[in-house]
Amino acid sequence: MAFETLQVSTEGRVGLITLNRPEALNALCAQLTEELAQVLADFQDNENIGCVVVTGSKKAFAAGADIKELQAGTYVDLYMHDPFAKTWEAVSRFSKPIIAAVSGYALGGGCEIAMMCDFIIAAENAKFGQPEINLGVMPGAGGTQRLPRFIGKAKAMELCLTGRMMDAAEAERAGLVSRIVPVDDLIEEVMKTAASIADKSLPVAMMTKESINTAYETTLAQGIRFERRVFQSQFTLEDQKEGMAAFVEKRTPHFKNR
Ligand code: DAK
C-alpha cells in the first residue's frame, strides 16, 4: 500500500510506520492522520504482525497538529467532524503492542500520539513538550490527562502551563520514556525490542497490555481482580502449555498465538 505522508514497511512480524512530512517536521495534517488510522487498521487485521513501531525523522517525531490547517478551525467543525478522533482512537485502542521511537521534537499532538503508544524509546536528542498554550489553546488529545499520569502533576502542570520542552534525560527521569539510546541507533534498537515482543505469544502480549492499561482506569482492587481472571484464562491457551513445556524441556518455545 502506498501512502503519501507515511512510509510503511514490515520486518518479520514487526510493522514499521515512519511519519514522513519532512517539510513540516511531520506536523499531523488531516491526510497524515487519515493514513495513520488506515495503516493501523491494516496492521490490526494482519495476523502476521505482532508489534508495531511508530517513528519520525531524526529531527522530528512530530511537531504537533498542523497549525496551518488547524488555524481556521471552528468549534462546531471540530465538534461535528473532529478530524483527529479516528486517529487518536486508532492509536490508543490498537490492541497489539505499539512502540513510539522518538527522535527530535515530539510536541503537542506529537507528544500525545507518542503517549498513546505502549511505551516510548527516545533518542538522545528527543524533546517533548505541550506548547499549545503558546498558540492560545491547551492540549486536546490527552496531554492534560496522560501526561500527569506518567510524569506527575507538578511537571505536567509546568510543561502545559509554560509550554517549555523537556529533553530526553529529563523525560527518562520523569518516567515518560522507558530508555534513551544514541540517535543513530534508535531504529535498530527499537526494531530489536519490537521483534522480541513480536516473538512472544500475541494473545498473551495483548492481554498483558490490556491489563497494564486497566491499571490507569480502575481501582487497585478491581485491577487486581481483572489481572487474576485474565491470568487464569491464559491456562486455556496452547501457548501457555508450549511456554511451560519448553522451559521444562530446556528449549526455545514456539508460540502459535492461540
Ligand atoms: N504545524 C505546521 N507546520 C509546522 C509545525 C506545525 N505544528 N511545526 C513546524 N512546522 C513547519 C514550519 O512552519 C516550517 O515550515 P515553513 O514555514 O518553512 O514552510 C517547517 O515546519 C520547519 O519548522 P521551523 O522553521 O519552525 O523549524 P525550527 O527548527 O526553527 O523549529 C520547532 C522547530 C518544532 C521548535 C517549531 O517548528 C515549532 O515550534 N513548531 C510548532 C510546535 C507546536 O506548537 N506544536 C503544537 C501544535 S498544536 C485536536 C486535538 C489535539 C490537537 C489538535 C486538535 N482535536 C481534539 C480536534 C493538537 C494540537 C497541536 O499539536
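Keep in mind it's a predicted model, so treat the numbers as computed, not measured. Order of appearance sets the numbers: ligands from 1, and atoms from 1 within every ligand.
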Glu23 bridged to Arg21 by N-O distance under 4.0 Å: yes
List the closest protein heavy-atom neighbour of atom 52 (C) of ligand 1: residue, atom name, distance to the nearest 0.1 Å. Ala65 CB, 4.0 Å
Less than 4.0 Å is my threshold; does some heavy atom of Glu69 fall inside it relative to ligand 1? no
Contact bool for atom 44 (O) of ligand 1 (protein heavy atom, d < 4.0 Å): yes
Could you tell me whether atom 57 (C) of ligand 1 has at least one protein heavy atom nearer than 4.0 Å? yes
Quick look: Asp82 vs ligand 1, heavy-atom contacts under 4.0 Å, and the answer is side chain
Counting from 1 in the order shown, the ligand 1 atoms closer than 4.0 Å to a non-hydrogen atom of Leu135 are 44 (O), 47 (C), 48 (S)
Provide the number and element of each atom of ligand 1 under 4.0 Å from a heavy atom of Leu107. 34 (C), 42 (C)
Side-chain contact test, heavy atoms from C-beta onward, threshold under 4.5 Å: evaluate it for Leu25 versus Lys59 and give yes or no. yes
Gln31 and Thr5 side chains, donor-acceptor separation under 3.5 Å: no
Ligand 1 atoms nearer than 4.0 angstrom to some heavy atom of Leu70 are 53 (C)
Can you tell me if Arg229 and Gln232 form a side-chain donor-acceptor pair at under 3.5 Å? yes
Short N or O distance, Gly108 and ligand 1, threshold 3.5 Å exclusive: no
For atom 15 (O) of ligand 1, closest protein heavy-atom neighbour: Lys68 NZ, 3.5 Å
So the atoms of ligand 1 within less than 4.0 Å of a heavy atom of Ala141 turn out to be 50 (C), 51 (C)
Mind checking whether Trp88 and Ile113 have side chains closer than 4.5 Å, heavy atoms only? yes
Quick one: do Glu170 and Arg173 make a salt bridge, cutoff under 4.0 Å? no
If you have a sec, work out which protein heavy atom is nearest atom 55 (N) of ligand 1 and how many Å separate them, to one decimal? Phe84 CD1, 3.9 Å
I want to check something: taking the side chain as every heavy atom from C-beta on, are Met207 and Ser233 in contact at a cut-off of under 4.5 Å? yes
Going by a strict under-4.0 Å cutoff (protein heavy atoms only), does atom 26 (O) of ligand 1 have a neighbour on the protein? no
Below 4.0 Å, non-hydrogen atoms only: which portion of Glu23 touches ligand 1? Side chain, backbone, both or neither. backbone
closest protein heavy atom to atom 1 (N) of ligand 1 is Ile67 N, 2.9 Å
Tell me, do Met166 and Ile151 make a side-chain contact under 4.5 Å, heavy atoms counted? yes
Using the six-membered ring wherever Trp is involved, compare the ring planes of Tyr75 and Tyr79 and label them parallel, tilted or perpendicular (cut-offs 30° and 60°). parallel
Under 4.0 Å between a side-chain nitrogen and a carboxylate oxygen: does that hold for Asp184 and Lys58? yes
Return the residue, atom name and 0.1 Å-rounded distance of the protein heavy atom closest to atom 36 (C) of ligand 1. Leu25 CD1, 4.6 Å
Check ion pair Glu242-Arg251 (N to O, under 4.0 angstrom): yes
Is Arg164 salt-bridged to Glu158, cutoff N-O under 4.0 Å? yes
When you measure from atom 10 (N) of ligand 1 to every protein heavy atom, which one gives the shortest distance, and what is it? Ala24 O, 3.8 Å
Which ligand 1 atoms does Lys59 reach within 4.0 Å, using its non-hydrogen atoms? 29 (O)
Can you tell which part of Ala63 has a heavy atom less than 4.0 Å from ligand 1: side chain, backbone, both or neither? both
